[in-house]
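Working notes, structure below.
The shown structure was predicted, so the numbers you read here are calculated from the model rather than taken from an experiment.
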Amino acid sequence: MDDGSRRTEIRPRSAARLAAVQAIYEMELAGRGADAVLRDFSERRWNLLAADRSALESVSRMDADSLFLGELVRGVAERNADIEGMISPALSPDWPLERLEAVLRAILKAGVFELFARADVPARVVISEYVDISHAFFEGKETGLVNAVLDRIGRVLRPDEIGPDAEDKGNDPSR
């Protein structure tokens, strides 16, 4: 591959995280369960993309790690009350969780679930991934909110990794 034809390839776990946010959003708005939404994702959404040959190439590059996707979506569904209980205190009293836009809530829920359930993934990677996802949906202060809330919760859940005295590196927590 020469420098002029570089493509940004989305890693399977990154694609799974993005799909999980979309599934969590759908679960909330449509009132559907995790298994129904996951079934819909596998049967319709990915298959519709595969109908177009050029989209098929994108699907192969973005193929979501199905097991990871299922773990994120089911985990958020099963632990929703616990997750909301962690997010709410990390927010400003003027902006309670219910007041946030649904996609923003879905991003935060997936990120918090991964922070407490997937100790094998470094906290800074989790935070960075969900900040990147927020950039796909928002252009304003929302990405900073995602970074701040996940960082605050990460300091509580993983103090050895992030620690209360760790310096904030701005909006890119992977540095």
Side-chain angles (χ1 to χ4, degrees), residues 8-52 55-88 90-91 95-140 142-143 145-147 149-151 153-154 157 173-174:
T8 302
E9 293 199 20
I10 298 175
R11 294 177 309 270
R13 285 233 170 142
S14 297
R17 287 179 179 104
L18 177 59
V21 166
Q22 293 169 329
I24 294 163
Y25 171 82
E26 185 175 325
M27 286 168 34
E28 181 177 328
L29 286 184
R32 298 178 67 207
D35 288 329
V37 171
L38 288 167
R39 196 170 32 257
D40 182 47
F41 264 71
S42 68
E43 291 174 1
R44 283 197 285 164
R45 291 203 171 94
W46 299 114
N47 291 337
L48 286 174
L49 288 173
D52 174 5
L56 182 57
E57 292 174 17
S58 294
V59 169
S60 67
R61 285 192 308 273
M62 293 177 28
D63 186 25
D65 180 330
S66 298
L67 293 174
F68 187 59
L69 169 62
E71 179 185 347
L72 293 174
V73 174
R74 287 184 187 100
V76 168
E78 291 167 6
R79 305 289 304 266
N80 193 55
D82 295 330
I83 291 166
E84 288 182 353
M86 287 183 235
I87 295 171
S88 290
L91 295 170
W95 283 92
L97 186 61
E98 303 78 33
R99 190 170 173 190
L100 298 180
E101 200 277 328
V103 172
L104 191 54
R105 282 193 304 269
I107 292 169
L108 291 172
K109 287 178 180 186
V112 169
F113 174 77
E114 194 169 345
L115 281 170
F116 79 79
R118 294 301 305 250
D120 60 314
V121 181
R124 291 290 181 195
V125 170
V126 172
I127 295 167
S128 180
E129 287 280 328
Y130 289 100
V131 168
D132 287 347
I133 288 170
S134 70
H135 281 291
F137 294 99
F138 303 103
E139 295 180 8
E142 294 87 354
T143 58
L145 176 73
V146 169
N147 185 42
V149 169
L150 293 181
D151 184 74
I153 293 169
L157 295 176
S174 64

Please give me the minimum heavy-atom distance between I107 and S134, naming the atom from each residue. CD1-CA, 3.7 Å
Please name the pair of heavy atoms, one in A110 and one in Y130, separated by the smallest distance, quoted to 0.1 Å. CB-CE2, 3.6 Å
Any salt bridge linking E98 with R105? Criterion: basic side-chain nitrogen under 4.0 Å from a carboxylate oxygen. no
A34 versus V73, closest heavy-atom pair with distance: CB-CG1, 3.8 Å
Consider side-chain contact (heavy atoms from CB on, under 4.5 Å). Of I87, D82, N80, which one does E84 pass it with? N80
Would you check, one step at a time, whether the test salt bridge (charged side-chain N to carboxylate O under 4.0 Å, His left out) holds for R13 with E129? CA-CA 9 Å; R13 285 233 170 142; E129 287 280 328; over 6 Å; no
V149 vs I153, side chain to side chain contact (heavy atoms under 4.5 Å, CB included): CA-CA, chis, key distance, verdict: CA-CA 6 Å; V149 169; I153 293 169; 3.8 Å; yes
Mind checking what makes ring pair (Phe, Tyr, Trp, His ring centres under 6.0 Å) contact with F116, not counting sequence neighbours? F113
Can you give me the closest heavy-atom contact between A16 and L69, atom names plus distance? O-CD1, 3.5 Å
Least distance between heavy atoms, I133 atom then L18 atom: CD1-N, 3.7 Å
Can you tell me how far CG of L97 sits from CE of M86, rounded to the nearest 0.5 angstrom? 12.5 Å
Got a salt bridge between E114 and R17, using NZ or NE/NH1/NH2 to carboxylate O under 4.0 Å? yes
Here the gap from D151 atom CG to I127 atom CD1, rounded to the nearest 0.5 Å, amounts to 5.0 Å
What's the spacing between E101 CD and E142 CD if we round to 0.5 Å? 8.0 Å
Does a side-chain heavy-atom distance below 4.5 Å link D35 with R74? yes
Looking at Y25, I'd like to know if its OH atom is crowded, meaning that more than 12 non-hydrogen atoms belonging to other residues, nucleotides or ligands lie closer than 6.0 Å. no
Here the pair of heavy atoms bringing L145 nearest to L104 is CD2-CD2, 3.5 Å
The reported gap from CZ in R118 to CZ in F68 (rounded to nearest 0.5 angstrom) is 5.5 Å
